[in-house]
Peer 1: 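Mind having a look at this structure? Questions to follow.
Please read these numbers as outputs of a predicted model, since none were measured by experiment.
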Amino acid sequence: ATLGRIRGTTDVVIASSEGELLVEAIPENLELKQVLFRKLDSHAEEGTVFATNTSSLSVAKIATFVQCGENRNTSTMSCVNCMMPQATPM
């Protein structure tokens, strides 16, 4: 049942207005990530959890614009690094 509720989208409005957990996986570019989170935040519901897939950028700097709506700083920003593990010889 849970997996049936998980879906991906490239539509920022749909993602942020319908999602409770928003995970971003775009190139490692601070300005690009800030622009995306600003857009997501402008449509997000109070309490939305934002996650970045960064491996080298400051989560605090990425989250600069995350307030979950006008003056409602009640969302959460986290880092979820989804790197593929290196192959290990057997």
Peer 1: Residues in side-chain hydrogen bond (donor to acceptor under 3.5 Å, both in side chains) with Gln34, at least two apart?
Peer 2: none
Peer 1: Keeping Glu28 on the side-chain end and Ser56 on the backbone end, is there a donor-acceptor pair under 3.5 Å?
Peer 2: yes
Peer 1: Give the cluster check for Val35 versus Leu57: same hydrophobic cluster or not, with ILVMFWY residues linked at side-chain heavy-atom distances below 4.5 Å.
Peer 2: no
Peer 1: Kindly work out whether a path of hydrophobic side-chain contacts (I/L/V/M/F/W/Y, heavy atoms less than 4.5 Å apart) joins Leu40 to Ile26.
Peer 2: yes
Peer 1: Please find the pair of heavy atoms, one from Thr9 and one from Ala15, that lie closest to each other, and give the distance.
Peer 2: CG2-CB, 3.6 Å
Peer 1: Measure the shortest side-chain to side-chain distance between Thr54 and Lys61 over non-hydrogen atoms and say whether it is less than 4.5 angstrom.
Peer 2: no
Peer 1: So which heavy atom on Lys33 is nearest to which on Pro27, and how close?
Peer 2: CE-O, 3.4 Å
Peer 1: Is there side-chain contact between Ser16 and Thr48, with heavy atoms separated by less than 4.5 Å?
Peer 2: no
Peer 1: Hey, what do you get for CG (Leu30) to OG1 (Thr64), rounding to the nearest 0.5 Å?
Peer 2: 7.0 Å
Peer 1: Identify the heavy atoms of Val80 and Asn53 that sit nearest to each other, and give their distance.
Peer 2: O-OD1, 2.7 Å
Peer 1: What is the minimum heavy-atom distance between Ile14 and Asp11, and which atoms define it?
Peer 2: N-OD1, 3.0 Å
Peer 1: Can you check whether Phe50 reaches Ile62 side chain to side chain, under 4.5 Å on heavy atoms?
Peer 2: no
Peer 1: If every non-hydrogen atom of Cys79 is compared with every non-hydrogen atom of Val59, which pair is closest and at what distance?
Peer 2: CB-CG2, 3.7 Å
